[in-house]
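Working notes for the structure below.
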Amino acid sequence: MFEFCSNPENLSGFSWLSCYLTTPKHMNLFYSVGTVLLLLLITAPTALLFGFGGAVMARSKILLIKVFGNAYISIVRGVPDIAFFLFFVIAIDQLLEWSRHKILCPEWSEPIRQGNDFVVCTIAKLPLSSSPQWIHEIYGFLLAVFTFAIVFGAFAANVLYGAMRAVPKTQIETAVSFGMTERQVFRRILVPQMWLFALPGLGNLWMILIKATPLLFLLGVEDIVYWARELGGTKTAKFTSYPHGDWRVWYFLGLMIFYLAFTRVSELIIEKLMRTLSRGTATLGGALQGQVGR
Amino acid sequence: MSCIDIIADYGLRSIGLGERLLPRSDFTLCHQFTLIGSGMIWNIYFGTLALTSGFILATLLALGKASKNFYVRKLSGWFIFIFRGSPLFIQFFFAYFLFLSLKQSFTFLSPLTSAWAGALFVLFCNTAAYSGEIFYGALQAIPKSDLEAADAYGMSGFSRFRRIIWPTMLRLAWPAYTNEAIFLFHATTLVFFSSFPAWQQRGDALYYANYFADKTFNPFVPYPILAGYFILLTLILIGLFGIANRKLNIHLPKEEHSKIKFRIRLIR
């Protein structure tokens, strides 16, 4: 990257380090930090949307929808989330391929599950085996995002469901006595008021989401964990101009510091946001502020 | 081969007893149930030991964080911050590679590079930090009148702590602590996915579930089995902690027993 890096053997100390940390391979590590941020940026609103849907469903008056919503919320209890991550990535992939197979190759007669194989016709493959590498990578990333959104949507649904119930009944009753319809009450009273109650839980969820991002590694995405392992391993002079021993422990120390800083900054921002939002609601402010940062 | 044979062969496979090779083909439901169940031994091992040993450190951390001594307070605060602020997954990786390099200079540390000791140590620190924060919160919430009553009785020092502060702290913290225990058991599934080697394919429940999902390319059987086992484990935990909760609140009239409520707090 820098001009003085052209001859790494002559370097030492800080200049060696600055050259070492800017090799093209290291750039991959920095890009993967971008991947993590991108995942957070996409997942957070998607999960919120899923959560909102789940919470509304759990409150529904129609039994079937209510049961479905409650089942979605309660998947977060009882079962380790890592199992969900590993499960959904394959399950969604197979579900997509299976439905494409049914639509695109209706004349196909052989069974899809042949012993230990999952066989669909070539044009139903996702992504197509002829498509370039970057499509495969994007598809993998999207699967991961969707998986995160499903799992975290369930958590968010739990938080929002609680928040909707926390809105004072008198507010709802007042709205009804003003002659508002059920929809109007929902849109004008319930949803605007629930956010304050939901914020501590959502803030907490954001922290959990940050701490869950390294699990991308398990879903087959080349993320920071992947690159830290890759770059930190012992390098001999044969293959690189920057030989070093096993430095993985330093790379993971770096990752730990990165996450500590990230969660700390988020915590401070959430605290500030909470103080700003609860201004003017003196009765709630004090009680709720204690819960932030769980 | 009948199911009983399979159980005899693979029931204790995760701790190295029975058949040496994992099944390679013709996976039956019985295979999957037996092996994944056998893997649960590790989850229970990690969870139980980390929880009990972490409990002691957590009490110390909570007292430390509330201490008047500046250094003790800062040390406990930083310990809790480091283990609560970073992902458990990264902690596992970091600890594994740290132990790996320590092993070269101190040979007596070599057990720490295997999962049974190394991962247990990380889980111990992790749960101590999370429970320490819970206990600290409970410590701050002890009613002043309780302490004043203790003073009035002439209690001080350790007897005041043992008879008044500690039981009240546990009573207040118990619902949150129950959650912590449940999620600690869930977190044990990360161990064999974070560099700690599953020596001779002796892994935990998720390790075997993942093995079957890879081999059969069908996630719809092993993962629901795993889920079933974990729901069972969670129910048992809730039951045990409920009994403890009743014991803790035995002096209160029945209606006032604080019911344990479940709040989410999942991945670390």
Side-chain angles (χ1 to χ4, degrees), chain A residues 75-84 86-91 94 113 115-118 151-152 154-155 158-159 162 201 204-205 207-215 217-218 224-225 228-229 232 245-253 255-264 267 290 294, chain B residues 25-27 43 81-82 84-102 133 137 176 182-183 185-190 193-195 205-206 209-210 213-220 222-224 226-228 230-235 262-268:
Chain A
I75 66 165
V76 301
R77 292 169 194 165
V79 184
D81 23 40
I82 306 119
F84 278 111
L86 293 176
F87 169 75
F88 274 126
V89 165
I90 318 179
Q94 292 193 351
R113 287 205 184 281
N116 292 336
D117 284 321
F118 183 82
V151 175
F152 278 89
F155 304 168
N158 201 340
V159 171
N204 187 16
L205 205 57
M207 310 286 263
I208 298 171
L209 185 61
I210 293 175
K211 287 190 265 173
T213 48
L215 297 179
F217 173 68
L218 294 182
I224 38 181
V225 177
R229 268 163 55 114
D246 189 349
W247 281 4
R248 283 176 295 190
V249 61
W250 301 113
Y251 276 87
F252 278 99
L253 184 66
L255 285 191
M256 234 163 107
I257 292 169
F258 165 71
Y259 275 106
L260 282 174
F262 200 179
T263 47
R264 183 75 193 130
E267 199 174 40
R294 268 290 282 122
Chain B
S25 54
D26 307 321
F27 305 100
N43 295 103
F81 169 65
I82 287 172
R84 286 182 77 229
S86 63
L88 178 66
F89 198 48
I90 303 283
Q91 288 166 22
F92 275 135
F93 274 112
F94 173 69
Y96 178 69
F97 294 125
L98 181 71
F99 296 148
L100 214 55
S101 45
L102 282 180
E133 183 69 20
I182 292 171
F183 292 123
F185 274 89
H186 290 181
T188 57
T189 52
L190 268 178
F193 287 85
S194 56
S195 271
L206 188 63
N210 190 46
D214 278 352
K215 288 276 181 250
T216 61
F217 211 63
N218 180 3
F220 297 97
Y223 288 121
L226 175 87
F230 264 95
I231 288 170
L232 200 68
L233 182 66
T234 307
L235 289 177
F262 292 95
R263 298 176 60 212
I264 57 160
R265 214 258 12 259
L266 301 121
I267 306 164
R268 302 118 179 287

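Just so we're clear, the structure is a prediction, and the values are computed from it rather than from any experiment. In what follows, chains carry the letters A, B, and so on, assigned in the order in which the sequence lines appear, proteins first and then strands, with residues in each chain numbered from 1.
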ask   = Where do B:P224 and B:P219 come nearest, in terms of heavy atoms and distance?
value =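 Heavy atoms only, the tightest pair is CD-O, 3.6 Å.
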Heavy-atom closest contact (A:P214 atom, B:F89 atom, distance) = O-CE2, 3.5 Å
request  = Examine A:F152 together with A:F155 and report whether their ring centres are nearer than 6.0 Å.
outcome  =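 Yes.
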request  = Select, from B:P222, B:A227, B:G137, B:G228, the one with the greatest count of heavy-atom pairs under 4.5 Å involving chain A.
outcome  = B:A227
query = Top residue by heavy-atom pair count (under 4.5 Å) with chain A, among B:F81, B:Y96, B:F193?
reply = B:F81
What part of [X] lies closer than 4.5 angstrom to a heavy atom of chain A: side chain, backbone, both or neither?
{"X": "B:N218", "answer": "both"}
{"X": "B:L206", "answer": "side chain"}
{"X": "B:L232", "answer": "neither"}

request  = Find the distance between OG (B:S194) and CD (B:Q91) and round it off to the nearest 0.5 Å.
outcome  = 10.5 Å
Any residue meeting ring pair (Phe, Tyr, Trp, His ring centres under 6.0 Å) with A:F252, in chain and number order, not counting sequence neighbours =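 Listed in chain order: B:F93, B:F97.
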message = Heavy-atom cut-off 4.5 Å, strictly under: side chain, backbone, both or neither for A:L86 against chain B?
response = both
ask   = Relative to chain B, which of A:D246, A:V89, A:T263 shows the most heavy atom pairs under 4.5 Å?
value =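 Winner by heavy-atom pair count: A:T263.
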When the side chains of residues 255-262 of chain A are checked against the rest of the protein, which donor-acceptor pairs come out under 3.5 Å, sequence neighbours left out?
{"unit_1": "A:Y259", "atom_1": "OH", "unit_2": "A:T213", "atom_2": "OG1", "d": "2.8"}

